[in-house]
Amino acid sequence: MPRLSYREAVREGLREALATDDRVFLMGEDVGRYGGAYACSRGLLNEFGPDRIRDTPLSEASFVGAGIGAAIAGMRPIVEVMTINFALLAFDQIVNNAATLRHMTAGQLAVPLVIRMATGAGRQLAAQHSHSLEVWFAHVPGLKVLCPATVTDARLMLAAALADPNPVIICEHALLYATEGDCAETADGFDAWRPLVRERGDALTIVTSSGSLPKVVAAADQLNRSGIRPELIDLRCLRPLVLKPVLASVQRTGRLLVVDEGWRTCGLAAEGSARRRFRFPMPPTWNRRRCRASNASSPPPES
Amino acid sequence: MTEATATAADHDLALLAQMLRIRRFEEQAAECYMSGQIRGFLHLYVGEEAVAVGTMGCLTAEDRVVAAYRDHGHALARGLPMATIMAEMFGKATGCCRGRGGSMHLFDVGRRFYGGTAIVGAELPLAVGLALADRLQQSSSITAVFFGDGAVAEGTFHESLNLAALWQLPVLFLCENNLYAMGTRLDRHQAMTDIHAKAAGYGIAAAAVDGMDVRAVEAAAREAAESVRDTGMPFLLEARTYRLRAHSMYDPDRYRPREEVASWQAREPVASFADRLRAEGRLDDVHWQRLEQEVAAEVAAAVAAAAAAPVEPEADLTRDLLVKAEPVEVNACPG
Ligand SMILES: Cc1ncc(C[n+]2csc(CCOP(=O)(O)OP(=O)(O)O)c2C)c(N)n1
Ligand SMILES: [Mg+2]
């Protein structure tokens with residue numbers, strides 16, 4: 001298994017997609033000459049030319065909308081929105097066009113579009129540049145939402161998203177780009193759409209995703225040293241949200257902790273714990289055994 | 001010297017001093033970033049000083065000013081104390097927003113300075129609304145809004161120009177055309193690169209000016225501001241300038257030819273204005289050195305105060321989320 005950075009893994013995924021399918025092209029702000037705000041597409045302009053690596057103006061609503069149009073008409077666009085904060089300018093296109101067109105036209109249209117964006121709080125970038133809004137997308141029927149947290153996922157989820165005939169949002173975490181890990185060489189047996197148990201344990205079930213995964217792994221290391229073995233589950237795909245492995249795990253451990261970078265109210269953690277209660281009769285002590293760890297309910301401060 | 005020429009000389013020296021304050025502040029900010037005292041995004045205004053300085057003097061204390069994320073120069077020129085700006089950039093509780101906003105979000109509502117927006121183009125509709133309120137309240141204030149060439153590609157630029165013209169609002173749109181939106185050059189993001197000419201599509205008066213020449217900027221801004229005041233209608237002024245540093249501290253700056261940077265560097269606004277004042281006999285070495293010393297002392301004091309200041313306590317994090325709200329959720333059930 002080659003060792004790659006998350007950033008290189010994303011780039012490899014892009015390169016493979018561009019090389020194997022002529023319908024694929026990448027567009028977004030500064031993806032070409034600049035090489036991408038997070039350097040994910042560095043070198044690709046030289047390799048694939050300006051028709052397939054397209055720099056766009058600062059026009060998020062329009063170039064995401066154009067991606068939808070191109071997808072409808074037979075292309076396989078990969079639209080890069082620099083960060084999830086700026087995707088807010090394209091929310092209308094994503095929610096009102098990409099997510100609805102299939103259903104509203106009674107199946108006449110498909111929107112095989114991939115939208116990639118960096119999510120999460122970087123290093124002290126203040127409120128307008130630190131959002132973790134992936135659950136907003138996960139709220140919308142008609143969309144699929146992937147959150148790669150490992151190098152292998154960063155590389156292989158893109159191909160899975162492109163192979164899917166629906167609009168897929170890929171949220172890459174800004175603080176993961178520089179992390180390194182072993183990358184699977186083939187997609188054999190790779191399933192982008194299901195949670196994975198990252199570490200086996202029996203003391204409690206910790207559910208997380210995206211940029212929180214390395215933090216949870218580090219916390220689990222500490223617990224391991226004191227003899228407590230948590231089971232770590234990486235959700236990976238927020239929509240469709242598959243919770244079976246989580247439920248199976250919680251039935252063994254009897255304790256659930258959801259760790260999420262988003263806000264608490266109506267967030268991923270709330271969803272995880274609410275669904276758990278909904279589906280299973282709970283032991284009387286259950287309420288004290290469920291826990292959410294989310295971000296403070298305030299805009300992220302710079303300090 | 002007659003009285004009139006004496007005041008003109010004073011005025012020129014004030015412009016120079018203001019530009020120098022911004023220049024040295026920015027250089028210091030870059031150092032503080034290197035030393036880890038300033039973190040996060042840091043967008044320097046080096047090379048563009050003449051635009052903020054030349055325009056700000058044409059506005060009154062009652063006028064409103066809106067800026068984008070490259071806002072240190074505007075904040076300084078508007079009169080925010082250097083120490084509160086530096087403290088804000090250090091993320092300290094003594095900053096103008098208690099350290100919550102940082103470099104990109106400098107606000108001082110008392111000085112009618114409305115930041116500090118980090119979403120490109122988002123400041124434009126805000127300015128339209130401020131001017132709308134002034135119009136509805138029969139105030140004589142105008143609103144000046146600064147934005148980059150990159151923002152011209154956003155829908156908000158076109159929508160805001162149209163709204164301001166349609167509703168006849170006193171907005172001075174100030175485009176700081178520094179030729180680049182991050183790494184993308186103007187001619188790669190605009191089909192028609194003459195930005196001020198776009199105003200015609202909305203029936204708005206417009207002009208372009210050499211943004212490296214503080215006197216030219218001032219003359220053009222005065223005319224533009226007077227036009228807004230006299231007619232109550234918007235005006236689009238395009239200042240052609242250049243940022244001499246990278247887009248932000250994260251930017252490796254690989255997309256600009258060295259000769260291009262050098263040719264703009266040769267026209268940089270602070271040194272070129274100082275040279276001009278020397279040639280006109282209005283500035284001598286003694287004066288220049290005194291100016292440098294004063295500015296250096298002001299910058300050093302700002303850094304020292306910011307370094308010594310505390311950060312806002314974490315317990316205050318949910319303070320000011322809503323007006324008079326109890327801290328939301330803090331007391332809610334922990335589950
Ligand atoms: C809506 C939005 N999209 C993308 C970004 C990322 N970004 C920040 S600054 C910038 C370039 C803006 O260029 P310009 O408006 O010319 O201002 P300048 O930096 O040159 O002063 C970009 C792409 C952003 N902040 N907001
Ligand atoms: Mg620019």
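We name chains A, B, ... by the order of the sequence lines, and we start the count at 1 in each one.
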query = Considering only heavy atoms, which portion of B:Met182 lies under 4.5 Å from any heavy atom of chain A: side chain, backbone, both, or neither?
reply = both
ask   = Measuring heavy-atom distances to chain B, does A:Arg54 have an atom under 4.5 Å in its side chain, in its backbone, in both, or in neither?
value = neither
ask   = With B:His43, which of B:His247, B:His72, B:His105 fulfils ring-ring contact (aromatic ring centres under 6.0 Å, His included)?
value = B:His247
request  = Can you label the angle between the B:Trp264 ring and the B:Tyr242 ring as parallel, tilted or perpendicular, going by 30° and 60°?
outcome  = parallel
ask   = Taking atom types as modelled and ignoring hydrogens, do the side chains of B:Asn178 and B:Glu48 form a donor-acceptor contact shorter than 3.5 angstrom?
value = yes
message = Using heavy-atom distances under 4.5 Å, tell me whether B:Phe41 contacts chain A through its side chain, its backbone, both, or neither.
response = both
key: Residue part contacting chain A, namely of B:Asp251, when any heavy atom lies under 4.5 Å   = both
note = Okay, B:Thr117 and chain A: the region with an atom under 4.5 Å from a heavy atom over there is both
key: Derivation of the salt bridge (Lys or Arg N to Asp or Glu O under 4.0 Å) call for B:Arg188 and A:Asp30   = CA-CA 10 Å; B:Arg188 296 204 197 97; A:Asp30 283 311; over 6 Å; no
ask   = Tell me, side chain or backbone of A:Ala37 under 4.5 Å from chain B's heavy atoms, or both, or neither?
value = both
A:Leu89, part contacting chain B, at a heavy-atom distance under 4.5 Å = side chain
request  = Compute the ring centroids of A:Tyr6 and A:His173, then answer whether they are less than 6.0 Å apart.
outcome  = no
task = Below 4.5 Å from any heavy atom of chain A, which atoms of B:Arg254 appear? Answer side chain, backbone, both or neither.
result = side chain
inquiry  = Under the ring-ring contact (aromatic ring centres under 6.0 Å, His included) test against B:His74, which residue among B:Phe146, B:Phe113, B:Phe147 passes?
reply    = B:Phe146
